[in-house]
Amino acid sequence: MRRSRISAEPFAIEVDFARAVFLVIDMQRDFLEPGGFGAALGNDVSLLRRAVGPCGAMLAGARAAGLPVIHTREGHRPDLADAPPAKPLRGPPEKRIGAKGPMGRILVRGEPGHDIIPELAPIPGEPVIDKPGKGAFFQTDLDLMLRNHGIETLLVAGVTTEVCVHTTVREANDRGYRCVVLGDACASYFPEFHAVGLRMIAAQGGIFGWVSTTDAVLAALAADGPATKAAKEHAL
Ligand code: C5J
């Protein structure tokens, strides 16, 4: 097994890329485009765009290197049977989960707003995990897929930093995975929450994981070369 060093906070981490995946959290139209769930909650969705370029660069690098990619989407069944009753009851009725918006019913599977933004669309062979909650492990088969493929490290990006990225990293950390969060490939409607969210991950000796950058991860991946290609045999 070959380990590559990624510079990160609180300290550099050695990663076996043959046992790593790139996990892209909820880069959906409902969060990033006007008229979706994020906008219905009163947020400036343009603040999330800053993560798109870095996410795209990491996607391209992962695909070129043979590093498996997994996407997630937050959303619910059309009858909302998988939404806890308190979730769709928040906010004014015309802006709630399940209400009709310019991109279809808000945060409902199968609607245009639920799709991943076209710039970061999954390609054939990349699993998409549909999750009813904020965390990607809650009521999904993500853990099973990762364990079946011997994955130990998650390279994590997406939105929003302090909600679905954080929840997923906490869930993963408790399940024994090592999470390296690509800070510049994450974003929040609240820049201060983004900054503090990243600090919380790396604080106390890396209480939830590591925080790095897209460039640092790509540099380690490029230096790794052949070892990553071995991951192709473990394609998810
Ligand atoms: C939110 C998410 N913010 N993907 N979801 O409701 O972070």
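Counting convention: from 1, in listed order, for ligands and their atoms alike.
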_I need the R109 CZ to D115 CG distance, nearest 0.5 Å._
13.0 Å

*Taking ILVMFWY side chains as joined if any heavy atoms are under 4.5 angstrom apart, and letting links pass through other members, which residues group with V163?*
none

*Atom-level proximity to ligand 1, residues with heavy atom under 4.0 Å*: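 Around ligand 1, where the cutoff is 4.0 Å for heavy atoms, the contacting residues are D26, F31, F37, E74, K134, V159, T160, V163, C164.
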
*For the pair D26 (side chain) and Q28 (backbone), establish whether a donor and an acceptor sit closer than 3.5 Å, ignoring hydrogens and angles.*
no

*For S7 and A12, indicate whether the former's side chain and the latter's backbone hold a donor-acceptor pair under 3.5 Å.*
no

*Would you kindly say whether T161 and H194 are connected by a side-chain donor-acceptor distance under 3.5 Å?*
yes

_For a 4.5 angstrom cut-off between non-hydrogen side-chain atoms, does R175 reach L146?_
no

